[in-house]
Amino acid sequence: MTRASTKLALDGGTPVRKEPILPGWPGGLLIGAEEKAQVLEVLESQSLYRHYGPHPRHKAAELEQKFAAAIGARHALAVTSGTGALLVGLAALGVGPGDEVITTPFTFFATAGTVHNVGATPVFVDIEPKTFNISPDAIAAAVRPGTKAVIPVDLFGQMAALELVEKAAPGLPIIEDAAQSIGAERRIGGKSVMAGERATIGTLSFFPSKNLGAYGDGGMMLTQDERLATRLKRLRVHGGARTYFHDEVGYNSRLDALQAVVLSAKLPRLEAWSAKRRANAAYYDAAFADLADVQTPYVERCNVSIFNQYTLRVARRDDLQSFLKERGIGTSIYYPLPLHLQPCFAYLGYKPGSCPEAERAAAEVISLPIFPELTQSQLDEVIAAVRAFYGR
């Protein structure tokens, strides 16, 4: 590899002889002739959405069955996106005007944006400095009579401490935003729990940058509750269980059959891809262990991370990013401005210092390429560049 001719993207595929592809774009789809035939079958059938019944060719229903079995959920319900999963989930819990929902400010915008969009008020609390996940103690301090739900986020591929969140907010429904953690596990009470399995509602995203990415948007809602599943199903299709009959006002949030076919084809490969990400992360960890200015990701012993991102805390973060960019190494900053300080949430009254750990993280984090197709030489090139920046 020569830096003059090759650019290393943040997350996807082998290096390309042009400007880097968008950070977060997926690697190869790696589907075979059978899966391609299924895509053509969907196109020829002209049935992209009428696929939720028992017919064996109903692709979204097939995908739901596979996910329910893989994660251990009684119900898996496919929707248009991870954002749609959060929005429909909040609505199904009856969250609306006058209600408060506790969540983290250190996450993608959709986590809090959906709370606002159902008319409720996001209540931001700080994060744990090691894991970047929401602080259970901060949740406990924020619970009030108007609190209707809690949304912890499994950030960067590591599950939040759900058992502690439950204790911090007893009796309140929990929507686990597992958009970045599909396939992650946490040991709770001697049992291994999958991301999205334990919460009142678990939500997944199949955006192309995820470990399991579609060829467009897609999402999934998971629940063990039969009655809640019935309402989730209704709300995702304009609030009606039958076409043209509407019990309530819902949303247009159906996953199309083409994305269902793509995801079904990729699902059996997810575990191997995540294992390769863990191996890449371990290689980075060892290579950076002696750098005082670099803090590698902390994974709790009870967690199995899928490393949707490999996120460092570093000194002189912005200078490091520029240095790596000059060498054709893609990076990204998740997230440069915490949600409590975003202009659109100024009406909530948060100020700098309201969530100091989230603010400190936003100033120090940088994510390196971690995708499973990284070669040994690419990993070594990233490592050499980081070490060179810090004079090692």
Side-chain angles (χ1 to χ4, degrees), residues 52 64 68 73-105 107-125 134 136 139-140 142-154 160 162 165-179 195-205 219-242 245-255 339 344-345 347-348:
Y52 285 100
E64 291 170 341
R74 290 184 64 191
H75 304 279
L77 308 166
V79 288
T80 51
S81 65
T83 301
L86 288 167
L87 186 65
V88 175
L90 285 163
L93 293 175
V95 178
D99 296 328
E100 294 182 347
V101 177
I102 299 172
T103 192
T104 166
T107 179
F108 180 63
F109 181 78
T111 309
T114 50
V115 175
H116 174 91
N117 284 338
V118 296
T121 300
V123 174
F124 296 112
V125 301
I134 196 167
I139 292 173
V143 173
R144 295 186 287 235
T147 306
K148 192 67 176 282
V150 181
I151 307 181
V153 177
D154 302 334
L162 293 182
V165 172
E166 292 167 357
K167 291 180 180 178
L172 287 173
I174 294 172
I175 298 180
E176 180 186 358
D177 184 343
E197 176 185 357
R198 183 181 175 102
T200 312
I201 300 173
T203 65
L204 306 176
S205 169
M220 188 76 73
M221 304 177 296
L222 306 165
T223 187
Q224 308 289 4
D225 189 303
E226 183 78 35
R227 293 179 62 185
L228 186 55
T230 298
R231 192 171 189 206
L232 290 168
K233 290 178 185 178
R234 189 168 65 232
L235 283 169
R236 74 175 172 182
V237 191
H238 294 295
R242 294 184 297 156
F245 292 87
H246 306 274
D247 302 295
E248 58 185 318
V249 177
Y251 304 88
N252 179 16
S253 194
R254 301 162 294 177
L255 185 72
L339 297 185
C344 65
F345 289 131
Y347 72 93
L348 296 174

Asp154 (side chain) donor-acceptor with Ala160 (main chain) under 3.5 angstrom: yes
Exactly one of Leu222, Thr223, Leu228 should register a side chain to side chain contact (heavy atoms under 4.5 Å, CB included) with His75. Which one does? Thr223
Counting N and O atoms only, with roles assigned by atom type, does the side chain of Glu248 sit under 3.5 Å from a partner on the main chain of Gly239, one being a donor and the other an acceptor? no
Check Thr147 against Ala142 and note the closest heavy-atom contact, atom names and distance. OG1-O, 4.0 Å
Worked verdict on Ser205 versus Phe108 for side-chain contact (heavy atoms from CB on, under 4.5 Å): CA-CA 12 Å; Ser205 169; Phe108 180 63; over 6 Å; no
Presence of salt bridge, Glu176 and Arg198, under 4.0 angstrom: no
Which heavy atom of Val95 sits nearest a heavy atom of Ala120, and at what distance? CG1-CB, 3.6 Å
Taking C-beta and beyond as the side chain, do Asp225 and Thr200 meet within less than 4.5 Å on heavy atoms? no
Given the rule in the side-chain contact (heavy atoms from CB on, under 4.5 Å) test, do Thr103 and Phe124 qualify, once you have shown the distances and angles that lead to the verdict? CA-CA 5 Å; Thr103 192; Phe124 296 112; 4.0 Å; yes
Side chain of Arg254, backbone of Val237: donor and acceptor closer than 3.5 Å? no
Take Val143 and Ile102 through the side-chain contact (heavy atoms from CB on, under 4.5 Å) test and state the conclusion after the steps. CA-CA 8 Å; Val143 173; Ile102 299 172; 3.9 Å; yes
Distance, nearest 0.5 Å, that separates CE of Met221 from CD1 of Ile175: 10.5 Å
Verify side-chain contact (heavy atoms from CB on, under 4.5 Å) between Ile134 and Val125, making sure each step is shown before the conclusion. CA-CA 7 Å; Ile134 196 167; Val125 301; 3.6 Å; yes
Can you check whether Pro173 reaches Ile201 side chain to side chain, under 4.5 Å on heavy atoms? no
Quick check: are there more than 12 heavy atoms from other residues, nucleotides or ligands sitting under 6.0 Å from CZ of Phe245? no
Hey, does the side chain of Gln224 reach the backbone of Arg74 with a donor-acceptor pair shorter than 3.5 angstrom? yes
Heavy-atom closest pair, residues Ile174 and Pro152: CG2-CD, 3.6 Å
Checking side chain to side chain contact (heavy atoms under 4.5 Å, CB included) between Leu87 and each of Asn117, Val115, Val79, which is the one that passes? Asn117
Any non-hydrogen side-chain atom of Ile151 less than 4.5 Å from a side-chain atom of Thr203? no
Taking Thr80 for the side chain and Ser253 for the main chain, is one N or O donor matched with an acceptor at less than 3.5 Å? no
Could you tell me which non-hydrogen atom of Leu339 sits nearest to which non-hydrogen atom of Ala112, and how far apart they are? CD1-CB, 3.8 Å
Does His238 have more than 12 heavy atoms from other residues, nucleotides or ligands lying within 6.0 Å of its NE2? yes
Would you name the heavy atoms of Ala241 and Asp247 that are closest together and state the gap between them? N-OD2, 4.0 Å
Kindly give the heavy-atom pair with the smallest separation between Ala85 and Leu204, and that separation in Å. CB-O, 4.4 Å
Rounded to the nearest 0.5 Å, the CG atom of Leu77 sits from the CG atom of Leu232 at a distance of 5.5 Å
Take atom CZ in Phe345; do more than 12 heavy atoms of anything else shown fall under 6.0 Å from it? yes
